[in-house]
Amino acid sequence: MTQISVRVDGASYTDEVEPRTLLVHYLREQLGKVGTVVGCDTSNCGACTVHLDGEAVKSCTVLAVQAAGSEVTTIEGIAQNGSLHPMQKAFHELHGLQCGYCTPGMIMASIDLVGDNPDPSEHEVREGIEGNLCRCTGYQNIVRAVQQAAAEMRGAQA
Amino acid sequence: MTAVEDRPMTAGPAKEVGQARKRKEDARLITGKTTWTDNMVLPGMLHLAVVRSPVAHAKLGTIDVEAARSAPNVVAVFTGRDLAEEQGSIPCAWPVTPEMVNPGHPSVAVDEVNHVGEAVAVIVARSKTAAQDAVELVDVDYDPLPVVLDMERALAEGAALTHDHVASNESYRWIFDAGEAGTGSSTDEAFAKADVVVSRRFVQQRLIPAFMEPRSTVVQPQGDNYTMWSATQVPHILRIMLAMTTGVPEHKLRVIAPDVGGGFGGKLQVTPEEVITLLVAKRLGKPVKWTETRSESLMSAHHGRDQIQYVDIAADREGNVLGLKVHLLADMGAYLRLVTPGVPILGAFMFPAIYKFPAYRFDCQGVFTNKTPTDAYRGAGRPEATFAIERIMDELAVELGMDPLELRRKNWINADEFPFTTVAGLEYDSGDYEQATQQALELLGYDELREEQRRRRESNDPVQLGIGFSTFTEMCGLAPSRVLGSLSYGAGGWEHASIRMLPTGKVEVITGSTPHGQGHETAWSQLVADELGVPFEDIEVLHGDTAISPRGLDTYGSRSLVVGGAAVVNASQKVVAKARTVAAHLLEASEDDLQFESGTFSVRGTPGSGVSIQEIALATFAAHNFPDGVEPSIDADATFDPVNFSFPHGTHICAMEVDTETGMVTIRKYACVDDVGKIVNPLIVEGQIHGGLAQGIAQALYEEAVYDEDGNLTTGTFVDYLVPSAADLPHFDTGNTVHEAPGNPIGAKGVGEAGCIASTPAVVNAALDAVRHLGVTDILMPLTPERVWRAIHRGGDGGDRATAGTNAYGGAQTETTAGVSTPESRLGGDR
Amino acid sequence: MIPAAFGYVRPGTVDEALRALADGGEDAKVLAGGQSLIPVMRLRLAAPSMVVDLTRVTELRGVRDDGDALAIGAMTTHSDVISDPLIREFAPLIAQATETVADRQVRHRGTFGGALAHADPAGDLPAVALALDAEFVLAGPGGRRTVPARDFFVDYLTTALAEDELLVEVRIPKLAGSWGMHYEKFNRVAQAWSIVAVAAAVRRENGHIAEARIGLTNMGPTPLRATATEQALAGADAGEAAIAEAARHAAEGTAPSDDLNARADYRAHLAEVLTRRAVTAAVGL
């Protein structure tokens, strides 16, 4: 067992973990952050995407020990003062989800994308979320949602 | 006294039905506050891991579980022999013929394993990690038997057997002959007099539903009662079937489907793991959880499709179709699960599609192989049928030298011919195929693309363009119970709903149709808001818990709105009828003098007088001032059993670029116009179409469950089973026509499967249209670049694929992901 | 799935890492970005007894100008490679190929050195390194040595790295003259590994191709150079016909495998088509 201290969604935690504990299992099972889910075992589906020190990563392909001293943000930590993140809002408004299983990872990946590219084209959005699989939506409304959120986020910056 | 906020009583609110209401469900799904089964934690909960067979067919010898049993934190290990007395057989609810052979399906193999991934033992441990570690410690002796994989060879004389104890690999043979049934004429005569006969062999490759949420089951024992949470589409069916299988009495079992992350038919099942989890919880008296890994899911959750279709079509020289003959081989896999044998039968009636065939014969053989069982996958039988007919119509058009759309037009049912009884005996309800087609052609920009196709052809461009059609229909709203009975299905097709009027005027709607991503909570609220005249926000839809929603048949077959929604509407109307009696009493008027508008009863011609249904709910709760002889409740139930199916239709057109140098196909444009009847929520309808298109296109281009010659699933991870991402799919141009379904009070036809059913042949027809002038007449699905290239440059249909997995992750396959012990690999490193 | 249990060390310097590797013995495994290793450990295709995690060895991160070469630290992440101005200037082929690796989440963790040390012939970077005549700086208990790319890739998932050695830096010689570069990748879905890909770097001189370097991805157990095509291009006219003719030799001397995506003969054909396209794009036609 190794002791780690990590900040998750703004709160600090210190825990003992096995080196083999994946970050996603630490989040779900030790912290109860079950908003982040597991969809595969080969880092293809992206359902487990969180931000590690501000960058989107697949938390099933990061060891919990590797997050020691880091700041983790999950889908549960992006709403500010009770109001939804523009990306959450856009997914809702444009019907960018159906069953919702891929949604936390999809939203976290999309926020990361817009951070790098504030005004992505349809093609750039499609390429930018290539690491997140959705089986329900056919992606079209997700793409629209990401573009709408990007516009709102640009507005907020201006 | 009123518990209802005052609202203006003048102009009623706009109708909810037809509005693009944003979904109620989203609030929890976009914030990570969802209740997936795997989120569940109970005091003292134990964890299961399943030891799975790495071989496709073998007698089970010794199973040494001692090392696993004594591993740290392992509580128990069970083999099939330990559970043989109580596990029964996974139920098959659809014995399609009286003679159908069902070999029996133990949840944990007892004497023999019949496919890779079959459970051979179960580890119970205090943690998931301990359970998974112990899997590698179980030592199983497998005495190999011949492996049966190919359906055509499996039916040959002297073939090896999938199961030792059955006489052949044929489970059943099911025939529908329109001539004999009296719904059409003799196919023999039709083919004898035909000018043109075209015969083809089409292959519907095996697919994996690949819902995003892996399956998970939790069982909590409480005395002799059991509560099961499961990621299932069918909590009601699951409860009945578990009771019949395990002997836990139905009234002692409560099944809950919390938020469920997609199903697509893949969670329309009673799974071995659900049985195992229940039995282990019962034995140990402790809460138990099982959650699968993706590799387990791809290998052991049921697969879909997998048919070989021999299709013959007869026509005269002018292009009038005269007859259709279909002979199917349908791969059952190793066992019959819930509706395994019935899936091809659901398709049996759809091969004639929208065309006026005078003669039709359908002949299907269900075939056992040593592979994962097949069962429902989005469309279940109807995509297969639609593919076959839409492909063969193109082939016939080529043979006749006709435009594929002209041939269709010549033979399809005209708008003025509805209702139309088909050669398969179905009565199509409504539609206008010409109208949908015209709209779709405009959406696509057909003329321009045809012109570009001509230019590319003339200049011998390495990138050729093709346009493919699919003018489809499907049968939805499963199903009239009487029809199901006539097809030997083990249950009815009705759906149930209840409306509870709460004292504060809020409304609870209980539906038996359990959603897993469709948006029932939103759409049902819209229905009820209109019927009761209460605000959308005042309505809560409850579902998925057999204790809350005791009657239901769940969600599949595009039935929820058409059957379940109809029950909701009927129950609402009963509430209004009951409330009317109370209103008459409160307003001291005759019921006949009351009008009900925007949620308020008032006396005709007496403005200002009125009582809202939400006020009546409070008056009913108090029951102080109630009409004599009337029970103080305005709640109501309804069960809706449709008298007919509904028949959505549409025209899908795909424009496809084919790089003739590499074989890469790229969808240039995709346009479709669907008629799904009355649209309750256009946002949800569009979303369902999009998602269906993605899956139908994925069948055409990307997905295939591939087995190697030993029966290993080589597409055992998402590295090799290619679920497309956003970057792999095109933009869809969609539209609608509306011809309401007369068979239900909503007028809806069903939308869940339309996109998936329609799109696959449009895509393949488009690719063929691009390269037909190069001599290509067919390409096997999925249209991998290699197959397309081979078909162009080497002839034939592109041929079978090599079965070795890709070298990514060392070719991760079921052999190594089955949870069996593997020699330590030298793989590793990094990217 | 959860990996089998392992011991874990997280050194802060190369020297500490080397000591940890030595202590770990033959079952020790180096964890760079983890984007291939962790999945194979989850699938239990790999079960090292000791994992030496390099993510905190900061001296291994970054790209520096080393005179006649770029020196790319082995632990530089793919996303840092893509945005690095030196790489954009001197080795755009690396940036272009790296953009096609997996997806943005994986590129945030996965590293340049890790991808090369993994030596997956379907990976994109080995063929690029080979085409650019990269030099691999390996550190071991006895000091450092430099191995040219052609000697670094030994076999399928096998490199010249000894068990007690680390890849610390990859040196990319700066190219003199007017070079055009292009990475042509062919795969079935965006996330998938290359079926075949071609890395081309071409020097143009007076309307001719003076020199061409072509690396092939997934045309054998190791990345390969399309030597016959390179020879045919040297001095050839920088036009479509000459390029097409030279590209016909692209698959000579290769040994591609048969798998779900492609059989060997189709891969050989793809190598020709993609080589033609890559060279054409690199030349700027």
Side-chain angles (χ1 to χ4, degrees), chain B residues 127-129 132-133 135-136 293-296 462 659 661-664 701-702 704 706 714-720 722-728 782 784-787 789-790 793-794 799 801-812 816-817 819 821-822 824-831, chain C residues 1-2 4-5 27 29-37 39-48 78 101-103 106 110-111 113-115 117-123 125 156-159 186 188-193 195 218 257-263 266-267 269-270 273-274 276-277:
Chain B
S127 73
K128 185 165 68 180
T129 309
Q132 289 191 2
D133 285 349
V135 164
E136 302 190 2
T293 66
R294 178 58 61 184
S295 329
E296 274 186 294
D659 180 340
E661 289 188 323
T662 62
M664 180 62 89
L701 301 185
Y702 301 121
E704 182 177 19
V706 178
T714 50
T715 52
T717 70
F718 278 160
V719 175
D720 285 327
L722 299 184
V723 172
S725 77
D728 308 307
T784 68
E786 179 180 16
R787 277 179 169 157
W789 177 79
R790 271 188 210 289
H793 298 280
R794 301 279 190 272
R801 303 161 69 187
T803 57
T806 58
N807 43 9
Y809 302 129
T816 41
T817 53
S821 177
T822 54
E824 197 169 279
S825 167
R826 285 181 44 79
L827 287 175
D830 221 325
R831 75 176 183 196
Chain C
M1 283 288 280
I2 301 161
D27 287 337
K29 200 81 214 171
V30 173
L31 179 82
Q35 303 301 289
S36 290
L37 180 58
V40 295
M41 287 170 66
R42 290 181 69 195
L43 294 169
R44 302 209 176 186
L45 292 163
H78 296 313
V101 172
D103 53 65
V106 168
T111 63
H118 186 34
D120 189 326
L125 301 179
Y156 179 65
L157 305 181
T158 308
T159 68
F186 192 84
R188 285 186 59 210
V189 294
Q191 252 195 86
W193 298 62
I195 297 174
N218 217 10
S257 59
D258 284 333
D259 65 31
L260 281 172
N261 289 324
R263 287 169 205 263
Y266 175 60
R267 280 202 159 90
H269 166 77
L270 282 179
V273 175
L274 302 177
R276 191 191 79 222
R277 292 180 181 180

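Reminder, nothing fancy here: chain letters follow the sequence lines and each chain counts from 1.
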Exercise for review: Report the distance from atom OG1 of B/T717 to atom CZ of C/R42, rounding to the nearest 0.5 Å.
Suggested key: 11.5 Å

Review point. Are C/R44 and B/D133 close enough that some pair of their side-chain heavy atoms sits under 4.5 Å apart?
Key: yes

Check your understanding: What part of C/I2 lies closer than 4.5 angstrom to a heavy atom of chain B: side chain, backbone, both or neither?
Key -> both

Review point. Is a donor on one side and an acceptor on the other found under 3.5 Å between the side chain of C/R188 and the backbone of B/P785?
Key: no

Point to revise | Toward chain B, the part of C/V189 with a non-hydrogen atom under 4.5 Å | key: both

Check your understanding: Looking at CG of C/D259 and CD of B/E786, how far apart are the two atoms once the value is rounded to the nearest 0.5 Å?
Key -> 9.0 Å

Check your understanding: How long is the span from the CG atom in B/D720 to the CH2 atom in C/W193, to the nearest 0.5 Å?
Key -> 11.0 Å

Check your understanding: CD/B/E661 to CG/C/L274 distance, rounded to the nearest 0.5 angstrom?
Key -> 9.5 Å

Point to revise | Top of B/R787, B/R794, B/M664, B/E704 for chain C proximity - count of heavy-atom pairs under 4.5 angstrom | key: B/M664

Review point. With side chains defined as the heavy atoms from C-beta onward, is the minimum distance between C/N261 and B/T784 less than 4.5 Å?
Key: no

Check your understanding: B/R790 versus chain C, heavy atoms under 4.5 Å apart: side chain, backbone, both or neither?
Key -> side chain

Check your understanding: Can you tell me if C/H269 uses its side chain to pair, donor with acceptor, with the backbone of B/T662 under 3.5 Å?
Key -> no

Check your understanding: Do C/M1 and B/V135 come close enough that some side-chain heavy atom pair is under 4.5 Å?
Key -> no

